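So the structure is just underneath, and the comments pick up after that.
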Amino acid sequence: MTALDLLQKAHFASKLPAAVLERLAAIARVVEWNEGALIFREGDHRDDLYVLSSGHVTLEVNVPGRGLTRILTVRSGELLAWSALLGDGRMTTSAIATEPTQAIAISGRELRQLCEADHEVGYHVMGQVASALSQRLLATRLQLLDLFAKPH
Amino acid sequence: MSAEPKPKIGVFKFASCDGCQLSLLAAEDELLTVAGKIDIAYFLEATSHIDAGPYDIALVEGSITTPSDALRIRDIRQRSKYLITIGACATAGGIQALRNWADHDEFVRAVYARPEYIETLATSTPIAEHVPVDFELRGCPINRHQLVEVIVSLVAGRRPKTPSHSVCLDCKRRGTVCITVAQGVPCLGPVTQSGCGAICPAYDRGCYGCFGPAKQCNTGSLSQQLLADGTPAPELVQLLRNYNGYAPEFRYESERLAGLNSEVIS
Amino acid sequence: MPMNSTSSVFLARSDLQLLIDRLAEQGFEVIGPTISQAAIVYDRIHSVSELPQGWTDRQAPGEYRLERREDDQLFGYVVGPHSWKRYLFPPLTTLTTADLTTNGWQMRAADDNPPKYAFLGVRACELAAIRVQDKVFLEGAYVDPTYQRRRQNAFIVAVNCTQAASTCFCTSMETGPRCRSGFDLALTELPDGFEVEVGTPAGEALLLQLPTTPIAEQQLTDAEQRRQQAVDQITRKMDTEGIRDLLLTQLNHPRWEEVGQRCLSCTNCTMVCPTCFCSSVEEVADLEGQHSERERRWDSCFNLDFSYVSGGPVRRDIRSRYRQWLTHKLASWIDQFGSSGCVGCGRCITWCPVGIDITEEVAALREVGHDNK
Amino acid sequence: MTTNKTNASGEPGGVSPRTMSENIVRGLTPSGSPAGQVVAEPWGYHTVRIHEITPEVADVATYHLGFDDSAVAVAYRFQPGQFNMLYLPGFGEVPISLSADPRSSTTWAHTVRAVGNVTQKLASSKVGDTLGLRGPFGSGWPLHTAEGHDVVIVAGGLGIAPLRPAIYELLRQKNRFRSLTLLYGSRTPETILFEHELPEWSQRGMTVQLTVDRADAAWSGSVGVVTLLLDRLSLNDPQQTSVFMCGPEVMMRFVGKSALARGIPESQLWLSMERNMQCAIGLCGHCQLGPTFICKDGPVYRHDHLAPFLNVEGL
Amino acid sequence: MTQERLIKVEALTRVEGEGGLFVRLVGDRIEDVQLTIFEPPRLFEALLRGRKLEEVPDITARICGICPVAYQMSSVHALEAALGIEITEDIRRLRRLLYCGEWIESHALHVHLLHAPDFLGYDSGIDMAKDFPNEVNRGLRLKKHGNQLLEVLGGRAIHPINVAVGGFYRAPRRDELTPLIPDFEWGLQAAVETTRWLATLNFPDFTRAYDMVSLVHPDEYPMNEGRVTSTTGAAWDVRDYEREFHEEHVAHSTALQSSRGERQACYHVGPLARVNLNRERLSPTARRIADEIGFETPCQNPFRAIVARGMEIIHAYEEALDILRTYRPPTIARIKYEHRAGEGCAATEAPRGLIYHRYEVDAAGLVTFAKIVPPTSQNQRQIEDDLRDYLPRILTDDDVATTRKCEQLVRCYDPCISCSTHFLKLTVQRDG
């Protein structure tokens, strides 16, 4: 399957107009990781951001004194390594494929250029990224609330 | 009978009248039963047997008023697994906390011919300002049934529970008519914690706050009303400043009222 | 079965004692109005001399005073701090007992042999309150045995109000001041006696044992005028139009915050309310761990611990607790029991130490968004 | 006589669709009869004995209680989702959901976390100890409303306990439903309840997805809150999907949001609430939420019946 | 070379409040005896200034949890003297009834739980209960009666709330008091048993030539009023109390010590003083039992104070029964009064002995001065004097045995140390 095919199926891209999808597909490529592969390490500089098309990626943070702590798993259709687009490209977590995983990789640099050049595309892409991040933010909040902890 | 060791209990006294620890001896019906469940390891008022601890439960009466007592309570805390403060002195500083608003040296000079023999702190403070406290039993004096309940609960492995609602609820349960509404008598019942059995209004007098502030009491609204009904601010200040006057909710309101008063005067 | 007033008779004032005596003879414990602690309260009475003859009550938000009347009426007051619920739904009830036996814990219902009560002097709003509590305790999916045992034997002698307090608003709640049903006998006090109406066969049977006389036309007119006087004196109003939807859609109204600043959360309104039925069940154990009892006590939604769930109380501030009380009383009560929980007796207004007035709060809540800045 | 637990239509005695539909109507009409077995004497306790204790995870154990009185034992029935009041004399009483197969006949399982005086005392009890039980109380899960649907069960933490009897019943009647999915969120991998049963549930045709809020590298499963599982779940037809959820109130609020965002009709979302309960019969007032008493009108509610009150703070 | 030897009791037990005992010996010679009181001072006399006089009975009650009524009674009488209030006979009787409750409660506690264990060799009354269950249970029941009376009449046993300047906030109803009668009838007999039992204890042979002081009233056993009278024959009006009795502040005590007369001599207050000075005014049963057990007055053996307490329990029961049986609620529970500037003093008999209060109030009803002299401060010097005399007779090399005996002597006075730390100096320190 081509990057475009995969993108069309991804939840992340479900609301993007076809024209925008095509522009994205033009700068995308398909990548794959084996089970256990370290996709990136916390603190690494990365240019690519990914939309998973299959598989399962776990995000980990190194907590001194507690070791590696798994904070979230990302599944197909979802966004990975958003710092490549919005941040300085420094990864805030480590990502490990916990099963054979396939993704559409998009160069953050090229995507930024594309968004700048064509605000129509930029508007749609940023909207989707914001939506994905807000969902993740909410999930993080609930996680922080520690809802299942033993009450005192 | 199980051979489990009985929990060791120590009863300690700081600045106080003895009334709260006496409540244990005043539980005549329960005393010997309770005593059978525990090992009274330190209780000067009741026994010459003195055990240096450590204690499973320390019952602490009285407030901290001297430098040596401030050290002694830390020592007791270290030797005790579960520390319970009993009574208004221990939980709020007691009536002697009135000194906290006064010129302490002048107080001592007024009472003692040789103030140099007297070594006290300028304040009377609750135990919890000095060491962590596991449970506070309110009252001036405490309610002996609550004391027995607390001891028995701890021995049985339950967390003790004492109600935190206002005196008003108890008045209504026992059928007492509201003395403020029916007679215009100032009463702290609406802001005072239950525990005494709502005795004062049943004896035709207003509550004077022996059990300290009820949980989330609205002291400000009550004093607004009492002021509007004609109780002068200085009188309200004194009403709030007695046995639990230094408990935060009463303290802040009395200080607010005292401030109002000085503004009026000046 | 209510009978119409044409069947009413006259009972001389001097024969009222016979009414009390007959009730006592039939095994009733007569509870009636009497003066205690500077108020008219409901207590055990044996004699007419214990009634508050020549006394009345002046009421205002946060204020109640006994005053002398110019005449010597026995029922010339309105309502006091007590309501009949303290007899039908006692402040403290032992529900069950548990004993540790060789065969483990054995539980049984606690002994409960309440007296047969006869209530003397029940007002229209109080009849309504008893109807409300009947719905709560007797007509739902579960019946409360404690209430049932007391209620089913109770004999009710109602008294029509001939005057109103400033805090009364029964006309708004359509519960009074006229006693229309729910009584065995109903009295309207006249200078020299009572117009007596019969509400039930039991009432009629009792009346047959009393030296009543036919009532004169003039006495009927007089009684009606006196009852009308109570209607005319009621000035306080609560607009109940659409009140359920109004309140349940104004849960974030700024007024809650404002009243929360004044409310003492002291529970007085709920305790004097003749319909409030909240309680807590607590464990009372002996020291040896051999015997234990479940004890039910009046409780109040104004207490912080009332809504405690593991982790903490649900209603954490006075604002939310006041809102709970008012919305339950006037709105969600309708969902639950098919009627308002408020009978307009005004007790919550009089006995609030800071004089919070439920009718004023409802009026303020009607001003939607009056302070949304 | 084990046959009399199944009636002619193959339905379990205590959970016939008719009883359940009455129960749903009752959700907002309090005059209806209480669900399941009618409790004649609301304060009548039965002596029950601990027959077995199954330690589950830290601080949580399942107590299998049997009635001393054999007549009661035979007559006792409950609906999935209902609760009992368990009474430890000297310590007090707590509402605890029944947590195992409603067609069990000898003992009745209650999965309890030791958090308060009563549950801590229970945690120190032994097999053979007695306690008091009254119940069952409250409404059950209206499984029949989901017939023909994709059924999604969302559980958080201990919230799986009152859902477990429903799971048994759903698996037993699997053919009546298009699909069965369990989304289960737990705090950590160590606190997953009934973990040993999950493979069996999968095997019997239920899709089981687990997630935990926090985990170390030894955990290869999903990490993140349980709402994410619902966000990701691919739905055949939201209009034909029913959701039964139980967990902390905040969790259920967001599960509800997520389900609605996915297009599942609000009338097909069901949740089980928790409040302070003392009488269990709607007469003490403690568990009121909006116009309902949770002990009597709940604990299982249709989402739209509670929705106006779930988002008001301190109600 | 003669060795210096110290006997120290770090903390006296089975007394109210906290104090110690310090004895310094050189050889067999006693150099110093100190009853040390380290109870933290609570400065009541200072904190009373500026308070409404109506609060005084509540506040002074907090001086002592074991004899709050003594403080309430003394303060209301002193304030009534300052305001010129005459109380009625009904109120007077109710006050005596309240005092009966406190005497019963306080004496029963002391006798059974605090002092009897000394004579029988136990650490506590609770330990003693194993071998003397009847005596201890009887004592607890007596004590409970005292508390019940305080609860009905005072609202609660510790820090009663019903005592007011001018009378009571509310007079009890008859149906509140009469249910106590059957218990009190039992209690009277039980108190007789207790006293007979106490008379059988083994008393150390120790007598002294005491100057004993108590109130004496011509018509009744002293509680709320009377002339301050000494066994030497001298007597004073209460208003002259401060001319005869003086207080002084010593370094080893947060309590002040009292002494009498120009010689600054020690004196003895308490049950023994009362019985010695008022034997013929004890209730009939108490007198009969005194005769039966051969209690000779004047009794100068301090250890026999425990028997005097027994007789006072009998008296309190008998007097209480008399009041309970004839009780009719008074028409006026509290005398109305106007505030006025004034000064007043009063002395009453606390369970431990004479207690003296004096107040000055202003026209607004606020306290401007307070002086409180409790019994234990008056006994403190006497206790030290007793020890100086007693020690050489009992001194052995066994310090533990010696201190036990010393403590037993101290407990004869039932010292109430919480009480003793609220003394006022003789001159008023006032600002402005």
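Keep in mind it's a predicted model, so treat the numbers as computed, not measured. These numbers come from the heavy atoms of this one structure, side chains and all, not from hydrogens, waters or symmetry mates. In what follows, chains are A, B, ... by sequence order, proteins preceding strands, each numbered from 1.
Contact count versus chain E (heavy atoms, under 4.5 Å) is highest, among B/Pro141, B/Ala97, B/Gly94, B/Cys200, for B/Pro141. The greatest number of non-hydrogen atom pairs below 4.5 Å with chain E, out of B/Asn143, B/Leu98, B/Ile50, B/Asn242, is found for B/Leu98.
E/Asn147 and B/Glu28 share a side-chain donor-acceptor pair at under 3.5 Å.
The shortest heavy-atom contact between E/Gly50 and B/Gln238 is O-NE2, 3.0 Å. When all heavy atoms of E/Ser124 and B/Ala46 are compared, the pair lying nearest together is CB-O, 3.1 Å. Across E/Ile158 and B/Ser23, no two heavy atoms sit closer than the pair CD1-OG, 3.6 Å. The shortest heavy-atom contact between E/Leu47 and B/Gln96 is CD2-CA, 4.0 Å. For the residue pair E/Leu153 and B/Tyr203, the shortest heavy atom distance occurs at O-CE2, 4.1 Å.
Counting heavy atoms from C-beta on, the side chains of E/Arg42 and B/Ser124 never come closer than 4.5 Å. At least one side-chain heavy atom of E/Ile66 sits less than 4.5 Å from a side-chain heavy atom of B/Leu22. Proximity of B/Arg205 to E/Asp58: side-chain heavy atoms (C-beta onward) are separated by under 4.5 Å at one or more points. For the pair B/Cys140/E/His159, a side-chain contact is recorded, criterion being any heavy-atom separation below 4.5 Å from C-beta on. By the 4.5 Å heavy-atom criterion applied to side chains, E/Arg156 and B/Cys210 are counted as neighbours.
Heavy-atom distances place no part of B/Ser68 under 4.5 Å from chain E, backbone and side chain included. Heavy-atom distances place both the backbone and the side chain of E/Leu113 under 4.5 Å from chain B. With a 4.5 Å cut-off on non-hydrogen atoms, B/Phe14 touches chain E through its backbone but not through its side chain. For B/Ala27, no part sits under 4.5 Å from any heavy atom of chain E, backbone or side chain. Neither the backbone nor the side chain of B/Cys20 comes within less than 4.5 Å of any heavy atom of chain E. Residue contact with chain E, scored on non-hydrogen atoms closer than 4.5 Å, is absent for B/Ala102. Heavy atoms of B/Leu32 lying under 4.5 Å from chain E belong exclusively to its side chain. For a residue to count as touching a neighbouring chain, one of its non-hydrogen atoms must lie under 4.5 Å from one of that chain's; by this rule B/Glu235 touches chain E with the side chain only.
A salt bridge links B/Arg144 with E/Glu151: at least one charged nitrogen is closer than 4.0 Å to a carboxylate oxygen. For the pair B/Asp204 and E/Arg334, the salt-bridge criterion is not met [side-chain N within less than 4.0 Å of a carboxylate O].
Between atom CG of residue B/Leu31 and atom NZ of residue E/Lys143 there is a gap of 8.5 Å, rounded to the nearest 0.5 Å. A distance of 8.0 Å separates OG1 in B/Thr65 from CG in E/Leu43, rounded to the nearest 0.5 Å. In this structure, CD1 in B/Ile199 is found 12.5 Å from OH in E/Tyr169, a value given to the nearest 0.5 Å. Rounded to the nearest 0.5 angstrom, B/Cys17 SG and E/Tyr71 OH are separated by 10.5 Å. Between B/Glu30 atom CD and E/Leu140 atom CG the span is 10.5 Å, to the nearest 0.5 Å. Separation of atoms CZ (E/Phe44) and CD1 (B/Ile95) is listed at 6.5 Å; rounding is to 0.5 Å.
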Check the pair B/Asp18 / E/Arg62 against salt bridge (Lys or Arg N to Asp or Glu O under 4.0 Å), numbers first and verdict last.
-> CA-CA 9 Å; B/Asp18 258 39; E/Arg62 265 70 180 188; over 6 Å; no
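No option in E/Asp123, E/Asp127, E/Asp118 other than E/Asp123 meets the side chain to side chain contact (heavy atoms under 4.5 Å, CB included) test with B/Ser48.
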